[in-house]
Number of protein chains: 2
Amino acid sequence: MTSYDDGMTERPYHHGDLKNALLAAAVEAIAQHGPAALSLRDLARRAGVSHAAPAHHFGDKAGLLTELATEGYDLMAEAVRSAGPDLVEAGVGYVRFAVEHRSHFEVMFQPALLHPDDPGLVAARARADAALSAALAASRPERAEQREAKLAAWSLAHGFAALWVNGAMPDLVDRDPAGVARPVLRNLFGG
Amino acid sequence: MTSYDDGMTERPYHHGDLKNALLAAAVEAIAQHGPAALSLRDLARRAGVSHAAPAHHFGDKAGLLTELATEGYDLMAEAVRSAGPDLVEAGVGYVRFAVEHRSHFEVMFQPALLHPDDPGLVAARARADAALSAALAASRPERAEQREAKLAAWSLAHGFAALWVNGAMPDLVDRDPAGVARPVLRNLFGG
DNA sequence: CATCGTAACTTGTCATTGACAAGATATGGG
DNA sequence: CCCATATCTTGTCAATGACAAGTTACGATG
């Protein structure tokens with residue numbers, strides 16, 4: 001212990017969990033001002049470290065966002081999986097994920113902000129894709145092999161989520177997104 | 001004429017059409033590196049003017065992007081209207097607009113980058129919204145008053161367009177987006 | 001045609017940022 | 001106990017957005 005413990009201002013040389021602290025700060029910052037306005041130096045300030053500390057863990061800004069996106073794909077896969085065997089509920093899970101993890105969601109679909117070929121990212125994306133395929137197969141086995149069916153289900157859920165998150169449905173902003181999404185999603189496949 | 005005409009390097013004090021030149025340069029720059037990487041100084045260089053010239057016409061960066069988004073909503077309304085009375089073809093028009101005017105499309109749905117309450121933008125958005133409502137009413141008059149139906153159609157087309165533009169369908173990147181979208185869009189409303 | 005108000009553009013400046021280089025400090029395995 | 005290495009700091013540079021103040025051209029008006 002070189003640092004004298006004078007209460008909350010204590011700042012040991014080693015943060016201990018800086019990487020996660022920075023990711024958490026990024027989620028907050030993005031929720032406030034969007035991914036484009038994200039500043040590594042601001043994250044460093046929020047975490048109480050020097051301005052160059054983030055670079056050590058992520059390389060550059062795109063590296064940090066790539067890690068966030070990777071987390072996001074796994075959160076998304078989990079949300080879709082835990083929705084059960086009903087395709088509509090899987091879609092509701094997709095929408096719920098987007099709204100509850102808005103920062104992750106926004107970053108995931110802005111490839112210009114990240115390292116799109118990062119192996120970890122590609123793998124996580126594949127896991128999420130598998131979860132979507134599984135949801136379709138569980139609910140509509142007869143269409144599981146149709147590419148159009150999967151694209152339609154994905155597009156519908158993704159479109160609703162994107163429009164909601166981007167504030168394109170201002171009239172509905174007060175309501176529960178899952179409740180609004182459910183009857184919308186039911187229109188697909190004549191179900 | 002204070003500027004001696006020495007060929008292509010001529011640079012009169014007044015550009016003549018700087019505003020449109022900057023918007024066109026922005027479309028190109030965004031197509032190359034995304035809206036987040038856009039630099040007003042880079043646009044000024046492309047147009048051959050000083051680094052502070054853009055501010056005169058747009059106030060700030062968000063102002064320029066707001067104008068681009070406004071253009072985009074009108075292009076989108078036109079694309080949907082000119083698709084005819086079939087809802088599926090309206091959706092194809094929506095997708096085609098997104099792909100052919102990718103820069104506009106990306107900016108339109110990133111409210112953090114623009115002045116979201118700009119009167120011109122709000123009005124253009126309303127015009128586009130009216131075009132979407134009209135497409136639904138022309139094709140499925142019995143559903144014209146259902147909010148869920150409109151949201152479903154919009155979400156499906158928007159989701160497909162967004163996923164395509166964001167490179168989330170890497171396998172299909174070589175094919176004609178309209179041709180891929182058409183059978184996908186047909187799944188809605190049991191049609 | 002002379003003048004003047006104003007729009008269009010320039011030059012200069014400042015704080016902020018991302019990236020990089022080089023140095024300081026702690027940690028844990030041997 | 002010691003050192004190789006991961007972690008973090010300090011210092012610096014070029015680029016950027018925004019703003020202030022000055023310059024030039026246009027066009028309406030008399």
Side-chain angles (χ1 to χ4, degrees), chain A residues 1-5 9-26 28-30 32-68 107 110 112-115 118, chain B residues 1-5 9-26 28-30 32-68 107 110 112-115 118:
Chain A
M1 281 280 191
T2 61
S3 59
Y4 27 88
D5 192 344
T9 61
E10 173 190 16
R11 244 195 277 166
Y13 197 96
H14 282 65
H15 181 285
D17 195 22
L18 181 56
K19 193 169 177 177
N20 288 318
L22 290 170
L23 286 172
E28 241 189 282
I30 293 173
Q32 292 173 10
H33 303 108
L38 188 71
S39 151
L40 290 181
R41 290 169 107 106
D42 176 55
L43 298 185
R45 281 188 291 266
R46 294 188 191 222
V49 294
S50 81
H51 64 85
H56 178 70
H57 291 278
F58 301 104
D60 56 6
K61 185 149 81 163
L64 188 149
L65 293 177
T66 299
E67 202 118 342
L68 254 195
V107 169
Q110 284 189 249
L113 298 181
L114 18 92
H115 296 308
D118 176 90
Chain B
M1 278 287 185
T2 61
S3 60
Y4 27 87
D5 191 345
T9 60
E10 173 190 15
R11 244 194 277 165
Y13 196 94
H14 281 64
H15 181 286
D17 195 23
L18 182 55
K19 194 169 176 177
N20 287 319
L22 290 170
L23 286 171
E28 240 190 283
I30 293 172
Q32 292 172 11
H33 304 107
L38 188 70
S39 151
L40 290 182
R41 291 169 106 107
D42 177 53
L43 298 185
R45 280 188 291 268
R46 295 189 191 220
V49 294
S50 81
H51 64 85
H56 178 70
H57 291 278
F58 302 105
D60 55 7
K61 185 148 83 163
L64 189 149
L65 293 177
T66 300
E67 201 117 344
L68 255 195
V107 169
Q110 283 188 249
L113 298 181
L114 18 94
H115 296 308
D118 176 89

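Excluded from the calculations below are hydrogen atoms, water molecules and symmetry mates; all remaining heavy atoms, backbone and side chain alike, are included. Throughout, protein chains are lettered first and strands after them, A, B, ... in sequence-line order, and every chain is numbered starting at 1.
Under the side chain to side chain donor-acceptor pair (under 3.5 Å) criterion, B:Arg46 pairs with B:Gln32, B:Asp42, sequence neighbours left out. Listed by chain and residue number, A:Leu18, A:Val49, A:Ser50 satisfy the side chain to side chain contact (heavy atoms under 4.5 Å, CB included) test with A:Ala53 (two or more places apart in sequence, or in another chain). Considering only residues two or more places apart in sequence or on other chains, B:Ala55 meets the side chain to side chain contact (heavy atoms under 4.5 Å, CB included) condition with none of them.
Legend: salt bridge (charged side-chain N to carboxylate O under 4.0 Å, His left out) pairs involving residues 48-64 of chain B, not counting sequence neighbours: none detected.
Of the two residues contacting DNA chain D, namely A:Ala53 and A:Arg41, the nearest-nucleotide position lying further toward the 5' end is that of A:Ala53. If B:His51 and B:Asp17 are placed on DNA chain C by their nearest nucleotide, the residue sitting closer to the 5' end is B:Asp17.
Here the shortest heavy-atom pairing between A:Leu64 and A:Leu43 reads CD1-CD1, 3.7 Å.
When the P atom of D:dC8 is taken as reference, atom NZ of A:Lys19 falls 11 Å away, rounded to whole Å.
With C:dC9, D:dA18, C:dT17 as the choices, the nucleotide that has an atom nearest any side-chain atom of A:Arg45 turns out to be C:dT17. Distances from the side chain of A:Val49 to the nucleotides C:dT10, D:dA18, D:dT9 place D:dT9 closest.
Put simply, the side chain of B:Phe58 does not reach to within 4.5 Å of the side chain of B:Leu40, judged on heavy atoms.
Residues from residues 54-66 of chain A with heavy atoms under 4.0 angstrom of DNA chain D, sorted by number: A:His56, A:His57.
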